Amino acid sequence: MSTADRFTGSRFPVTRLRRFRRTGALRELVRETRLDVGDLVYPLFVCPGEGVENPLERLDAIVQRSVDLLCNEAEEAHALGIQAVLLFGIPESKDEEGSGAWEDDGIVQRALRALSERVPELVLVTDVCLCEYTSHGHCGVVEDGEIVNDLSLDLLARTAVSHAEAGADVIAPSDMMDGRVGAIRAALDADGFEDLPILSYAAKYASAFYGPFREAAGSAPSFGDRRSYQMDPPNIREAMRECELDLAEGADALMVKPALAYLDVVAAARARFDVPIFAYNVSGEYAMLKEAAAHGWLDERRAVLESLTAIKRAGADVIVTYWAKDVARWL
Ligand code: PBG
């Protein structure tokens, strides 16, 4: 029985749903979903050098910054009320293994040390992956043109531990190798980081919407694509298995990525798992609205707030978005 049927006479003209839509204050009062600046994570890209700031054309929040300017940006974001950033590194040089990912003075490690000092309260989430550090641009070890799962686990675990040592607050593996959460959990625990949470990119799809990011992170694969490890977009039951397995391996929170084309996956994960659910509003989603707004085809602020609210309404607790600073100002 629907709620409407439970009340006798609860139909038009007795019932008029427009009554609570009449004024802004009434709408505000009965609003079911609210965005809060505390829900947002701001992605940041760190590159070598000093005084470096390279924005992607027209996508002004996707910027490579050297450590000094990264600190300024993080400080500004924190002053606006943003509590967490997600760090990606662009190393000086790349190699077959992606050794820049776990070097003690690697780019992310240096950024972590500087940020912990400059903005101590800011939550530092690090993306753990090899693709920005490997010469071939894949997220794991390559042998004979194949991405080899088990050999990659040790490298990912080393990367996670080096981030922990440099001051990361949350470790977020995004590589999609099987077993990586367990490998990372074991390595962190063995090194005394049993209190450090793992946010697993559990349901990460092989998506066309990562285009601008790969340019910003210099991480496009040099051959093939990521479909042998990232998920096939049509699958949702498999996404639930990914989530289940990652939780069993010790994940503390789950991420669905991308967000807007996968709201059903966000909702399903929300319904099934009582852990924090993150959704990543990715670079291609950002680019679409940015470009439309640049042409005057839609109002950026309204379209962004509507999209991010939809991600929350679907069930996400936390949203990773390039609009974090704008939203902080708009709210
Ligand atoms: C991989 C990674 C990617 C993104 C975050 N981490 C890209 C990929 O899998 O190719 C995409 C983020 C975005 O598009 O905003 N480490």
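Atoms within a ligand are numbered from 1 in the order they appear, just like the ligands themselves. Remember, predicted model here, so these are calculated numbers, not experimental data.
Looking from atom 5 (C) of ligand 1 to the surrounding protein, the closest heavy atom is K257 NZ, 2.4 Å. In this structure, the protein non-hydrogen atom closest to atom 15 (O) of ligand 1 is Y322 OH, 2.6 Å. The nearest protein atom to atom 10 (O) of ligand 1, hydrogens excluded, is given as R214 NE, 2.5 Å; this is a heavy-atom distance. Nearest protein heavy-atom neighbour of atom 16 (N) of ligand 1: S174 OG, 3.1 Å. Among all protein heavy atoms, the one lying closest to atom 12 (C) of ligand 1 is F213 CD1, 3.3 Å. For atom 1 (C) of ligand 1, the nearest non-hydrogen atom of the protein is K204 NZ, 3.1 Å.
Considering backbone and side-chain N/O of S219, none are found under 3.5 Å from N/O of ligand 1. Annotation: S283 places an N or O atom under 3.5 Å from an N or O atom of ligand 1; distance criterion only.
When non-hydrogen atoms are compared, ligand 1 lies under 4.0 Å from neither the backbone nor the side chain of Y286. Contact annotation for D175 and ligand 1: no heavy atom of the residue comes within less than 4.0 Å of the ligand.
Rounding to the nearest 0.5 Å gives a distance of 8.0 Å between OG1 of T321 and OH of Y286.
Cation-pi contact between K204 and Y262: absent, since separation from the ring centre below 6.0 Å together with deviation from the ring axis within 45° is not met.
Residues D127 and Y201 have side chains that bring a donor and an acceptor to within less than 3.5 angstrom of each other. Side-chain contact of Y280 with E285: a donor-acceptor pair under 3.5 Å is absent, judged by distance alone. At a cut-off of 3.5 Å, with distance as the only test, no side-chain donor of S66 or E50 sits close to an acceptor on the other residue.
Close contacts between ligand 1 and F88 involve ligand atoms 5 (C), 6 (N) [criterion: under 4.0 Å to a heavy atom]. Of all atoms in ligand 1, listed by their number and element, those nearer than 4.0 Å to a heavy atom of C129 are 16 (N). Annotation for ligand 1: atoms under 4.0 Å from non-hydrogen atoms of E132 are 16 (N). Less than 4.0 angstrom separates some heavy atom of Q230 from each of these atoms of ligand 1: 8 (C), 9 (O). Shown in contact with D127 at under 4.0 Å from a heavy atom are these atoms of ligand 1, numbered in order with element: 6 (N), 16 (N). The atoms of ligand 1 that sit less than 4.0 Å from any heavy atom of C131 are 1 (C), 16 (N). Numbered from 1 in the order shown, with element, the atoms of ligand 1 that lie under 4.0 Å from a heavy atom of R226 read 8 (C), 9 (O), 10 (O).
Nearest heavy-atom pair across I90 and P48 is O-CD, 3.1 Å.
Without hydrogens or angle criteria, Q64 side chain to A216 main chain gives a donor-acceptor distance under 3.5 Å. Put simply, the side chain of E97 never gets that close to the backbone of T134: no donor and acceptor are under 3.5 Å apart. Looking at D169, its side chain never comes within 3.5 Å of a backbone N or O of V125 through a donor-acceptor pair. A donor-acceptor pair is defined here as one N or O able to donate and one able to accept, closer than 3.5 Å; no such pair exists between the side chain of D191 and the backbone of F193.
Ring-centre distance between F213 and F88: below the 6.0 Å cut-off.
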